[in-house]
Amino acid sequence: MNQYFDEICETMECDPFDFNMPLLEKICITSIEDAIDTAFIIEGSALTSVRTDFSDTKIIVLPMFGRNSDSVGDVDSDFWCEVRPRPDGTRVPCILLADESVALTSNAPHWADMTRNDEFHLLWLFDDEALLSTHVLSADFYDDLSMADAIAEDHNPLTAEEVQAWQRVAAQASLIEIFDYVDFCSE
């Protein structure tokens with residue numbers, strides 16, 4: 001366990017035994033039972049039994065069980081927006097993370113109560129280690145998010161041909177797509 005949390009213990013200035021293991025186990029079980037990639041929103045204060053710099057924020061947890069940390073790009077890399085399709089052809093505005101290997105719905109920062117110029121924190125739970133990345137929703141990026149939202153909503157409903165085209169794009173996706181979430185903040 002010590003090695004699993006090494007990276008984030010240094011960032012959070014805490015000990016591996018300070019982590020709320022029942023919460024992390026619940027996320028693991030829920031993630032595996034859902035059988036789809038889902039983000040989890042947690043209170044930073046619920047993550048550890050000690051106070052850290054992240055205690056007063058919400059954290060977006062990205063379970064990557066079944067994957068090692070080298071299966072995605074650099075979790076601290078730059079990020080941007082793109083519209084991605086669900087398997088049913090529905091368009092979703094996304095934040096592309098980890099060198100474009102992960103698409104997270106653009107609603108995730110909203111779910112975690114973040115707005116323009118706020119930092120958002122992602123806790124990545126891989127099989128081999130946990131990583132923490134911090135990103136800023138700059139004014140320019142926030143405008144890009146708004147544009148992606150507008151593009152995704154443009155001329156709905158889609159024609160049958162457009163839906164089929166987006167379904168083909170979804171079927172060929174080689175990145176991890178996280179379009180849903182579970183909010184553990186109210187628990």
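Treat the numbers as computed from the prediction; the structure is a model and nothing was measured. Numbering starts at 1 and runs along the sequence shown. Atom set for the values below is all heavy atoms of this structure, side chains included, hydrogens, waters and symmetry mates excluded.
- Checking side-chain atoms of Thr105 against main-chain N and O of Cys94 turns up no donor-acceptor pair under 3.5 Å.
- Annotation: the span from Leu137 atom CG to Asp143 atom CG amounts to 11.5 Å, rounded to 0.5 Å.
- Between the CZ atom of Phe5 and the OG1 atom of Thr48 there is a distance of 11.0 Å, given to the nearest 0.5 Å.
- For the side chain to side chain contact (heavy atoms under 4.5 Å, CB included) criterion with Leu62, the lone passing option out of Val75, Leu104, Asp37, Ile27 is Leu104.
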Please lay out, stage by stage, how Glu129 and Ser69 fare under the test side chain to side chain donor-acceptor pair (under 3.5 Å). CA-CA 7 Å; Glu129 69 179 325; Ser69 57; 2.8 Å; yes
Stepwise, does the side chain to side chain donor-acceptor pair (under 3.5 Å) test hold for Ser133 with Asp76? CA-CA 6 Å; Ser133 63; Asp76 292 313; 4.6 Å; no
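- The backbone N or O of Leu23 lies less than 3.5 Å from a partner atom in the side chain of Asn20, making a donor-acceptor pair.
- Distance check, rounded to the nearest 0.5 Å: CD of Gln167 to CG of Asp88 gives 7.0 Å.
- Checked for salt-bridge contact, Arg91 and Asp149 miss the test: no charged N lies under 4.0 Å from a carboxylate O.
- Transitive grouping of hydrophobic side chains (ILVMFWY, heavy atoms separated by less than 4.5 Å) keeps Leu97 and Val136 in distinct clusters.
- Counting only heavy atoms from C-beta outward, the side chains of Met64 and Ile178 approach each other to under 4.5 Å.
- Minimum interatomic distance between Phe179 and Pro85 (heavy atoms only, all atoms of both residues): CE1-O, 3.7 Å.
- A continuous path of ILVMFWY side-chain contacts below 4.5 Å connects Val83 to Val163, so both sit in one hydrophobic cluster.
- In terms of heavy-atom proximity, Ala103 sits nearest to Leu96 at CB-CD2, 3.7 Å.
- With hydrogens and angles ignored, the 3.5 Å screen pairs a side-chain donor or acceptor of Thr30 with a backbone N or O of Lys26.
- Both Phe19 and Ile59 are members of a single hydrophobic cluster when ILVMFWY side chains are connected at heavy-atom separations under 4.5 Å.
- What you find for His121 and Thr134 is that their closest heavy atoms are ND1-OG1, 2.9 Å.
- Contact between Leu158 and Gly89 at its shortest, heavy atoms only, is CD1-O, 4.0 Å.
- Looking at Ser101, its side chain does come within 3.5 Å of a backbone N or O of Gly73 through a donor-acceptor pair.
- How far NE2 of His135 is from CD1 of Ile95: 9.0 Å, rounded to the nearest 0.5 Å.
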Working note: Val72 + Phe126, criterion side-chain contact (heavy atoms from CB on, under 4.5 Å); need CA distance, chi angles, decisive distance, verdict. CA-CA 10 Å; Val72 301; Phe126 294 99; 3.5 Å; yes
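- Panel note: side chain Ser77, backbone Asp99; a donor-acceptor pair is recorded below 3.5 Å.
- Asp127 contributes a side-chain N or O that, together with a main-chain N or O of Gly66, makes up a donor-acceptor pair within less than 3.5 Å.
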List the steps and the verdict of salt bridge (Lys or Arg N to Asp or Glu O under 4.0 Å) for Lys58 and Asp118. CA-CA 11 Å; Lys58 291 187 178 178; Asp118 282 348; over 6 Å; no
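- Ring to ring, Phe79 and Phe120 are close: their centroids are under 6.0 angstrom apart.
- Distance alone, capped at 3.5 Å, is enough to place a donor-acceptor pair between the Glu162 side chain and the Thr159 backbone.
- Counting heavy atoms from C-beta on, the side chains of Glu119 and Thr57 never come closer than 4.5 Å.
- Side-chain atoms of Met147 and Cys81, non-hydrogen and from C-beta on, never get closer than 4.5 Å to each other.
- Here Arg51 contributes atom CZ and Cys14 contributes atom SG; the two are 13.0 Å apart, rounded to the nearest 0.5 Å.
- Nearest heavy-atom pair across Phe40 and Ser31 is CZ-N, 3.9 Å.
- Hydrophobic cluster membership is shared by Phe141 and Leu122, with clusters built from Ile, Leu, Val, Met, Phe, Trp and Tyr side chains linked at under 4.5 angstrom.
- Not one N or O on the side chain of Asn68 forms a donor-acceptor pair closer than 3.5 Å with the backbone of Asp70.
- Note: the hydrophobic cluster containing Leu145 also contains Ile41 (ILVMFWY, side chain heavy atoms under 4.5 Å, direct or indirect links).
- Counting heavy atoms from C-beta on, the side chains of Asp183 and Trp111 never come closer than 4.5 Å.
- Partner of Phe54 under the side chain to side chain contact (heavy atoms under 4.5 Å, CB included) criterion, out of Leu132, Ile8, Leu123, Leu47: Leu132 alone.
- Side-chain atoms of Glu100 and Leu175, non-hydrogen and from C-beta on, never get closer than 4.5 Å to each other.
- Within the 4.5 Å cutoff, the side chain of Tyr4 has no heavy atoms near those of the Pro16 side chain.
- For the atom pair CG of Asp18 and OG of Ser49, the computed distance is 4.0 Å after rounding to the nearest 0.5 Å.
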Derivation and outcome, side-chain contact (heavy atoms from CB on, under 4.5 Å), residues Val50 and Glu13: CA-CA 10 Å; Val50 297; Glu13 298 179 7; over 6 Å; no
